[in-house]
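As a basis for the values below, the full set of heavy atoms in this structure was taken, side chains included, without hydrogen atoms, waters or symmetry mates. Along the sequence shown, residues are numbered consecutively beginning with 1.
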Amino acid sequence: MSITPGPVAPWRQIYAALRARIESGDLAPGDRLPSIVSLAQEHGVALTTVRKALDALKDDGLVVTSPMGTFVTDDAGRGDGGTGRG
């Protein structure tokens, strides 16, 4: 995915792409996301831009982070953002 210049901030574009991969099942519960460095290189953005996208995914309950990386939550594929409110 390439970042498109324009009114949508790069972190929102990365967030939307990762969220779509999680919701489609391409990234399944328990799957590890690529590293922050890998995502930054892939999209040609700063590390802080990727961190902001991952923080938004965490806020939505779609991923969790640990010293081992960032992982899709067990309930992320339910379509309710992991809130249980369907």
| query | Applying the 4.5 Å side-chain criterion to the ILVMFWY set and letting contacts propagate, would Leu39 and Met68 be lumped into a single cluster? | reply | no

| field | Heavy-atom closest contact (Asp74 atom, Gly30 atom, distance) | value | OD1-N, 4.4 Å

| request: Kindly state each residue pair satisfying salt bridge (Lys or Arg N to Asp or Glu O under 4.0 Å) with at least one member in residues 24-36, sequence neighbours excluded. | output: Arg21-Asp26

| field | Atom pair OG1 (Thr48) and CD1 (Ile36), whose distance is rounded to the nearest 0.5 Å | value | 10.0 Å

| said: Nearest 0.5 Å, please: how far is OG1 in Thr70 from CG in Leu18? | reply: 10.0 Å

| About how many Å separate CZ of Arg12 and CD1 of Ile3, when rounded to the nearest 0.5 Å? | 13.0 Å

| task | Answer yes if Val8 and Val45 sit in the same cluster of Ile, Leu, Val, Met, Phe, Trp and Tyr residues linked by side chain heavy atoms under 4.5 Å apart, and no otherwise. | result | no

| task | State the CG-OH distance between Leu62 and Tyr15, to the nearest 0.5 angstrom. | result | 6.5 Å

| field | Verdict with supporting geometry, Leu27 and Val63, side-chain contact (heavy atoms from CB on, under 4.5 Å) | value | CA-CA 10 Å; Leu27 287 170; Val63 299; over 6 Å; no

In a table with atom names and distances, give each donor-acceptor pair under 3.5 Å that connects a side chain of residues 50-58 to protein atoms at least two apart or in another chain.
unit_1 : atom_1 : unit_2 : atom_2 : d
Asp55  : OD1    : Lys58  : NZ     : 3.2

| Of all residues at least two apart in sequence or in a different chain, which pass the side-chain hydrogen bond (donor to acceptor under 3.5 Å, both in side chains) check with Ser38? | Ser35

